[in-house]
Amino acid sequence: MIEFEHINDAVISPILQQLYSKSPLVHCMTNDVVQTFTANVLLALNCSPAMVIEPEEAEQFAAIANSLLINVGTLTTDRQQAMKRAVHSANTAEKPWVLDPVAVGALTFRTRFCHELLGLKPAAIRGNASEIMALAGNSLGGRGVDSLNSTNDALPAAKSLAKQANTIVAISGEIDYVTDGKRTIAIAGGDILMTRVVGTGCALSAVVAASCALSGDRLQHVATACALMKQAGETATQRCRGTGSFIHEFLDALYQLNP
């Protein structure tokens with residue numbers, strides 16, 4: 001029987017306070033579809049986003065930022081080279097970086113690239129169930145960015161992947177699981193409406209990257225990132241009238257979180 005840790009306000013509050021106090025600078029090499037939303041999510045949590053993608057500048061900036069996000073949602077050959085240079089630079093500067101393996105599985109180019117990145121010491125990996133299973137070699141992935149599996153299905157693959165890559169793996173879904181291969185934290189909550197707008201998962205990966213810049217228990221930090229996004233999703237769902245107003249209410253809910 002799997003034993004899960006859980007996360008509560010007593011854990012979340014000091015981590016959120018540290019996030020606000022440090023205001024980490026997050027270098028987001030993310031997909032074109034979600035850049036504005038991702039930046040606004042980070043700003044709502046008092047973090048500083050930067051989207052630097054030109055290869056030479058990306059390499060330089062990764063050493064300056066507090067953490068780096070690699071999101072392969074709109075991957076190109078040029079962007080691949082920029083991402084690799086940024087990752088190597090972040091590693092040299094001992095800055096944590098996070099991998100979001102968007103739509104990995106059926107698409108060869110991004111799948112091959114993400115497997116290459118696994119050997120470059122990501123601090124954390126955040127994806128949906130199908131993406132995590134595909135990255136671990138257990139499936140062919142989902143339907144584009146949509147998962148065809150549950151997080152319960154993906155948990156064994158996530159634990160195996162965490163051990164293999166010596167990292168933390170976060171699976172997003174109805175219940176989020178965050179694991180380092182030994183310890184696993186389960187985070188319930190959120191709302192189905194979060195899957196009806198573009199960018200909540202990608203933005204979560206950016207918040208995970210911000211959390212990895214904090215000192216302390218990184219597993220709890222990543223789990224807190226998941227919990228904050230779920231809490232904001234629940235609040236936004238109660239206030240909104242549909243998907244359009246959900247985005248505004250979601251950002252407001254994040255901004256109104258009290259450390």
Legend entry - Carboxylate-amine/guanidinium contact Arg85 Glu56, below 4.0 Å: no
Inset, instruction - Show your reasoning for whether side chain to side chain contact (heavy atoms under 4.5 Å, CB included) applies to Leu135 and Leu118. - result: CA-CA 9 Å; Leu135 196 59; Leu118 285 180; 4.1 Å; yes
Legend entry - Sidechain-backbone polar pair: Trp97 side chain, Leu120 backbone, donor-acceptor under 3.5 Å: yes
Legend entry - Phe250 side chain near Thr237 side chain, heavy-atom distance below 4.5 Å: no
Inset, instruction - Decide yes or no for Ile7 and Val178: does some side-chain heavy atom of the first lie under 4.5 Å from some side-chain heavy atom of the second? - result: no
Inset, instruction - Heavy atoms only: give me the nearest Ala86-Met29 pair and the separation to one decimal. - result: CB-SD, 3.5 Å
Legend entry - Any side-chain heavy-atom pair of Asp32 and Arg79 under 4.5 Å: yes
Legend entry - Close side-chain approach of Arg126 to Ser172, heavy-atom, < 4.5 Å: yes
Inset, instruction - Assess whether atom CG of Asp217 is packed by more than 12 heavy atoms of other residues, nucleotides or ligands within 6.0 Å. - result: yes
Inset, instruction - Determine whether His27 and Leu69 make a side-chain contact, defined as any pair of heavy atoms from C-beta on separated by less than 4.5 Å. - result: no
Inset, instruction - Taking Ser89 for its side chain and Glu59 for its backbone only, find out whether a donor-acceptor pair lies under 3.5 Å. - result: yes
Legend entry - Heavy-atom pair of closest approach, residues Ile53 and Ala82: O-CB, 3.3 Å
Inset, instruction - Give a yes-or-no answer on whether the side chains of Asn46 and Tyr255 include a donor-acceptor pair shorter than 3.5 Å. - result: no
Inset, instruction - Decide yes or no for Phe61 and Leu25: does some side-chain heavy atom of the first lie under 4.5 Å from some side-chain heavy atom of the second? - result: yes
Legend entry - Heavy-atom pair with the smallest gap, counting every atom of Val34 and Cys202: CG2-CB, 3.7 Å
Inset, instruction - Answer with yes or no whether the hydrophobic clustering places Leu219 together with Leu204; edges join I, L, V, M, F, W, Y residues whose side-chain heavy atoms lie under 4.5 Å apart. - result: yes
Inset, instruction - Report yes or no: do Gln18 and Ser215 form a side-chain donor-acceptor pair below 3.5 Å? - result: yes
Inset, instruction - Answer whether the closest heavy-atom distance between the side chains of Ser211 and Ile15 falls below 4.5 Å. - result: no
Legend entry - Flag, side chain of Arg239 to backbone of Glu249, donor-acceptor distance under 3.5 Å: no
Legend entry - Side-chain (Lys95) to main-chain (Asn66) donor-acceptor, under 3.5 angstrom: no
Legend entry - Arg110 (side chain) donor-acceptor with Val72 (main chain) under 3.5 angstrom: yes
Legend entry - Residues Asn31 and Thr74: side-chain donor-acceptor under 3.5 angstrom: no
Legend entry - Same apolar cluster: Val33 and Val26, side chain cutoff 4.5 Å: no
Legend entry - Side-chain heavy atoms of Leu75 within contact of Phe113, under 4.5 Å: yes
Legend entry - Closest non-hydrogen atom pair between Ala213 and Pro24, with its separation: CB-CB, 4.0 Å
Inset, instruction - Please indicate whether Glu174 has more than 12 foreign heavy atoms, meaning atoms of other residues, nucleotides or ligands, lying under 6.0 Å from its CD. - result: no
Legend entry - For Cys114 against Val104, the heavy-atom pair lying closest together: SG-CG2, 3.5 Å
Legend entry - Crowding at CG, Asn8 (>12 non-hydrogen neighbours, <6.0 Å): yes
Inset, instruction - Please answer whether the main-chain N or O of Ala10 pairs with a side-chain N or O of Ser13 as donor and acceptor at a distance below 3.5 Å. - result: no
Legend entry - Minimal non-hydrogen separation, Asp100 against Asn71, with atom names: OD2-ND2, 3.3 Å
Legend entry - Heavy-atom neighbours of Gln256 CD exceed 12 at 6.0 Å: yes
Inset, instruction - Treating Ile, Leu, Val, Met, Phe, Trp and Tyr as nodes and any side-chain heavy-atom pair under 4.5 angstrom as an edge, say whether Met229 and Ile168 lie in one connected cluster. - result: yes
Inset, instruction - Verify the cluster assignment for Leu42 and Val198: are they in a single hydrophobic cluster under the rule of side-chain heavy atoms below 4.5 Å apart? - result: no
Inset, instruction - Please answer whether the main-chain N or O of Ala124 pairs with a side-chain N or O of Thr167 as donor and acceptor at a distance below 3.5 Å. - result: yes
Inset, instruction - Indicate yes or no for a side-chain donor-acceptor contact from Asn166 to the backbone of Lys163 under 3.5 Å, with no hydrogens or angles considered. - result: no
